[in-house]
Amino acid sequence: MPEGHVIHRLARRLTEAFAGEPVAAASPQGRFSEGAALLHGRPLLAAEAHGKHLFAGFPAGWLHVHLGLYGKFAWGEPPAPAPVGQIRLRLVGEKAYCDLRGPTVCELLTPGEKDALHARLGPDPLRPDADPDRAWATVSRSRQPISALLMDQKVVSGVGNIYRAEVLFRHRIDPRKAGKDLTPREWKAIWADLVSLMADGVEAGRIDTVRPEHMPEAMGRPPRVDAHGGEVYVYRRAGLPCLVCGLAVRTESLQARNLFWCPGCQNSP
DNA sequence: TGTCAATGCTAAG
DNA sequence: TTAGCCTTGACAA
C-alpha cells in the first residue's frame, strides 16, 4: 500500500535491519544484477524517504526504489529461502533479509542524481525539512482543482489517492475547488492535517482518518468491517452512506485516478 | 480457473 | 489521453 507513509516506514526498517553491517545483495530476477553486484558485501550507510521515493545509501552510491502501484518488500529472518517468482532485489543481513518485487524503479544513483531528484519533488509532510509555503506558492496560483494538486508530486510529495480523498473530506473542501480559490487558512489546515495523519500512518502502518466521534459505534451504528485495512471516510466507499451526513459517497475518474468525495459535506457553492 | 481493479508513474501518441 | 509496467487480492464462474 505505497503512499508516502509506507516508504518512510521502509526507510526506517532498512536502517534497523542493515545499517553498519555488510549486506549481501542479489537480483534473482536478473533485472538489477549489475547494481546488486556493486552493492554486494558493503554496509548500508543510511536510508531516507522523500515522498514515495526510497533512498538507501551504500558506498557504491544511492539505491533508489520507487514501488509504483504494486511494488512490495517482503521481510524475513535469515537464512533466506530459494527465490520464488520475480525478485528484483534481495538484501540479506545478519538479522533480516528482504525481497523487492515489482517496483517501477530500482536503480543506483550518484549523489548528484539524487539531489536532482529531490529538487523536482515538492515538500513531503513527513520530512522535517518540508516547507509548506513552497507548495502554497504553486497551489495559490493554480487553476487546477485542489484534488489534482495534492496528487502532483512536484507540488506535494508522498500524498496518494487515499490521503488526498481523506484530507479533503476532513476539511469539507470540495475536490473540484481550484487551488487559487483556497484560503491560506484552508491550506494551513490541510498541511497540518497531512503532517499529523501521515505521521500516524508511519507508526501504525495503515491509514486511519476517521475521528472517534464519527466511528460507527459512536454514531450508534454497528461496527464496520473495512476491506482495505484502515478506517476511512470516503476512499473506496462510493455509493455507501457518508459517515457524517448519510448522503451517498460519490466517485469520479479524474486524470485516470478514482476520486471519492461526499456531495453533502464537500460542496462549495 | 479467469478477470478485474489497485494506494503510481512514465513514455508514447 | 492511453498503454504499459508486473503483482496481488477480491470476486465471478
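To find a chain, count down the sequence lines: A is the first, B the second, and so on, and within it residues start at 1.
- Of the listed nucleotides (C:dT2, B:dA6, C:dT7), C:dT7 has the atom at the smallest distance from the side chain of A:R101.
- Between the side chain of A:D99 and the backbone N or O of A:F73 there is no donor-acceptor pair closer than 3.5 Å.
- In this structure, A:L67 atom CG and B:dA6 atom C1' are separated by 14 Å, rounded to whole Å.
- Residues satisfying the side-chain contact (heavy atoms from CB on, under 4.5 Å) test with A:P83, not counting sequence neighbours, are A:P28, A:I87, A:R90.
- Per the geometry, NE2 belonging to A:H64 stands 9 Å off P belonging to B:dT10, to the nearest Å.
- Between A:Y70 and A:Q153, the residue anchored nearer the 5' end of DNA chain B, judged by the nucleotide with its closest heavy atom, is A:Y70.
- Of the residues in residues 107-131 of chain A, A:R120 come within less than 4.0 Å of DNA chain B through at least one heavy atom, sorted by number.
- We find that CZ of A:R257 is positioned 5 Å from P of B:dT7, with the value rounded to whole Å.
- Heavy-atom nearest nucleotides on DNA chain C were determined for A:A256 and for A:T104, and the one closer to the 5' end corresponds to A:A256.
- The phosphate of B:dC9 (OP1 or OP2) has a side-chain N or O of A:H66 nearer than 4.0 angstrom.
- Here the P atom of nucleotide B:dC9 and the CZ atom of A:R164 are 12 Å apart, to the nearest Å.
- Ring to ring, A:Y233 and A:H214 are close: their centroids are under 6.0 angstrom apart.
- Classification of the A:H53-A:H64 ring pair by plane angle, with boundaries at 30° and 60°, yields parallel.
- Note: CG (A:L10) to P (B:dT7) measures 19 Å, nearest angstrom.
- Rounded to the nearest 0.5 angstrom, A:T104 OG1 and A:L69 CG are separated by 8.0 Å.
- Judged purely by atom type and a 3.5 angstrom limit, A:Q266 uses its side chain to pair as donor or acceptor with the backbone of A:I173.
- As rounded to whole Å, 13 Å separates atom P of B:dT7 from atom NE2 of A:H5.
- For the residue pair A:H5 and A:D200, no side-chain donor N or O sits within less than 3.5 Å of a side-chain acceptor on the partner.
- Atom-to-atom, CD of A:E3 to P of B:dA6 comes out at 14 Å; the value is rounded to the nearest Å.
- For the C1' atom pair drawn from C:dT1 and B:dT7, the interatomic distance equals 22 Å after rounding to whole Å.
- Residues A:H53 and A:N258 both approach DNA chain B. Their nearest nucleotides, taken by heavy-atom distance, put A:N258 toward the 5′ side.
- Relative to the side chain of A:K52, the nucleotides B:dG8, B:dT7, C:dT7 differ in distance, and B:dG8 lies closest.
- Here the C1' atom of nucleotide B:dT10 and the CE atom of A:M151 are 15 Å apart, to the nearest Å.
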